[in-house]
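Structure first, commentary second.
Please read all numbers here as calculations on a predicted model, not as lab measurements.
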Amino acid sequence: MNDMSRVERQVDTNKIKLECRDCQVYYGETHAIKDVNVDIEDKTVTAFIGPSGCGKSTFLRCLNRMNDTIDVARVKGSFKLDGEDIYDKRVDPVQLRAKVGMVFQKPNPFPKSIYDNVAYGPRIHGLARNKAELDEIVEKSLRRGAIWNEVKDRLDAPGTGLSGGQQQRLCIARAVATEPEVLLMDEPCSALDPIATAQVEELIDELRSRYSVVIVTHSMQQAARVSQKTAFFHLGNLVEFGETGQIFTNPEDPRTESYITGRIG
Amino acid sequence: MTDASMQENPEATPHPVSLTAPNERTRKRAKAERRFRAYGIAAVATGLFFLVVLFTSILSEGIPAFTRTVVSVEFTLTEQQREESEAELFKTKAYSNLFISALKTELDERGLNVEINEDAIERLLGKVGGTIRTFYSENPGKLGEPVEFDLAASSRVDGYFKGRVSRDTMQDSRFLEKSDLDLVDALKEAGVIKQAFNWPFITGADSGVDNPGGAGIGASVVGSFFMMLVVLGLSLPIGVAASIYLEEFAPQNRFTDLIEVNISNLAAVPSIVFGILGLAVFIQFMHLPQSAPLVGGLVLTLMTLPTIIISTRASLKAVPPSIRDAALGVGASKMQAVFHHVLPLAAPGILTGTIIGLAQALGETAPLLLIGMVGFVARGYPDGFLAGFTEPNSAMPAQIYTWASRADAAFYEKAWGGIIILLVFLLTMNIIAIILRRRFERRW
């Protein structure tokens, strides 16, 4: 990430971070994502909502090429991060994933110490030249994950020993430790209780000042609370995409209205 | 079934009148459960019973192999006596006569008067003269000093002390005559003949068919050890690398399916098949040395690989996919994800599988018979570390098999003793594995 691209982005792409056009995903014979066009804006929370099996998680995993790990999945279309096609043959998915971080549905800290959990990403990407720098990155990331105060005295304790909500915030800290530009979150609160959910939501709102956040959620209230943009998926199609307020108060498509009012889904 | 019982008993209500009075169905169910528990306890008890029988028989038959009968005599040889003996035509005979007179004096001192003749001493103690002569030619400094000789009694005499040989059952032969037993009793009374720990059994090599007393398992323990080194050194890296590739990297297609089926089948192939394969490939085609632990190790590696691959793949599969996602999600490459996160989590399982595989290989006999590892190793230990792989040797199970098939009953006892050593070896391996597991698990 150099300054040149920053200038270019501001001029050319008009704050659009990730531009997706004519996206198709196939799982073997199944056509899971059909003709989806979405623009993810910078420093914005974009929520993907829709009933189970509608393809929102699948689409999210396309954005950092996590679908590459599934043999039968095929992805077509153009996904441009700052104008660069992320599915270009020359792109190394490893570099992409450092730029586009991900938080998963179930908190999945490594069975290592809290410190090592956060330090792992910076270590493999060579972001720190010495121990002091690494310490600094770990502290900064844990602060951004809003968990520093709870764990600062026991950084050597195993990450798996934390509570569910703390684990998820640790995972968020781990994801931001590699200085990503986009943060993908796949139902980050579905395994958490309401208090932990509220903490994570608050955190997402803070993260918005630095990153572009894409969140998949089953809870429409959550989408309404945390996001500025919302995309509604149904049966693999992107039905409606727009300002969150607009979607929830005055949806254009009857299917969106049915879903948010609870008649389908 | 419910319908049928309803018809038989039209009065039956779906629920019992009182919760404290169980109805017919509940009673039946409870009975069935009690029966099943009884079966389970019976099964466990039967298993334990056989285990106890196994261990008592191993220990009762095998422990005598660890003691031997020795005749300890204090003997002084002067410089002059030595020179005189060396001047004789039959040198060892001269030494033998000196020993017999020394023994006579010792017995006379204790007030025992028994007939000792040369032949009886040879039947009891073997070629005493040779032993003494060798000792003094190796330790000339001991001349003129009293030296305590611990001479191993022949296996028949040993058997007499262990109850294998008695006056009623034995027949006079070149090995032992009935009159010799009188001498033995006298020696025992004098405290000259006694039981001692059988170090030569643990450290020695195999002996000839008519010298069971000298047979030791040491050389074949070394053979087994070198074989296990070969097996561990080859099957662990190959097996783990193959499993990681198949489990994490290989595409799912017909070809990999075929490989998978074949690996599972290989685990069930009789070991003798691997033996004949080793004979054909390693010895006849590649001309590797016969009876060498290297070849034995290679054959056993072929046998162990499927076991290690199957258990390694199972433990890799057991690592939750969320860990892989987490590693990939922060930008680790696939290989980093596997080596930094998946493999350490799977390590205890891999270790267990490896130890099971090695234990199987350690006890395997059939393939070793085919590649000639039942060889009679009279020379004993290999000359060095590398020679340990290539010099002919035996392995513990093959050695035990050889002993068990020999005619002399004294070898039977050795076979049981060998099994105890084999089990101790196995136990040591398991303990090392447990310690390593602890180490691995303590990392987090």
How long is the straight-line distance from OG of B/S333 back to CG of A/D92, given to the nearest 0.5 Å? 8.0 Å

Please work out whether the ring planes of A/Y120 and B/H340 are parallel, tilted or perpendicular, with thresholds of 30° and 60°. perpendicular

Could you tell me which portion of A/P107 (side chain, backbone, both or neither) has an atom closer than 4.5 angstrom to a non-hydrogen atom of chain B? neither

Are any side-chain N or O atoms of A/H125 and backbone N or O atoms of B/V330, one a donor and one an acceptor, separated by less than 3.5 Å? yes

In Å, rounded to the nearest 0.5 Å, how long is the span from CD1 of B/I323 to CZ of A/F104? 10.5 Å

Which bit of A/R123 is near chain B, if near means a heavy-atom gap under 4.5 Å: side chain, backbone, both or neither? neither

Would you say OH of A/Y26 has more than 12 non-hydrogen atoms from neighbouring residues, nucleotides or ligands within 6.0 angstrom? yes

Looking only at non-hydrogen atoms, find the nearest pair between B/G331 and A/R97 and report the distance. CA-CB, 3.9 Å

Measure the spacing between CZ of B/R324 and CG of A/N108 and express it to the nearest 0.5 Å. 12.5 Å

Count the heavy atoms belonging to other residues, nucleotides or ligands that lie under 6.0 Å from CD of A/E133, then report whether that count exceeds 12. yes

If you count heavy-atom pairs within less than 4.5 Å of chain B, which of A/V103, A/D156, A/L184, A/V94 leads? A/V94

What is the distance from atom CG of B/L328 to atom CE of A/M66, rounded to the nearest 0.5 Å? 5.0 Å

What do you reckon, is CZ of B/F285 surrounded by more than 12 foreign heavy atoms closer than 6.0 Å? no

For the residue pair A/K106 and B/D325, establish whether any side-chain heavy-atom pair is separated by less than 4.5 Å. no

Tell me if the CD1 atom of B/I259 is crowded by more than 12 foreign heavy atoms within 6.0 Å. yes

Count the heavy atoms of every other residue, nucleotide or ligand shown that sit under 6.0 Å from CD of A/E206, and state whether that count exceeds 12. yes

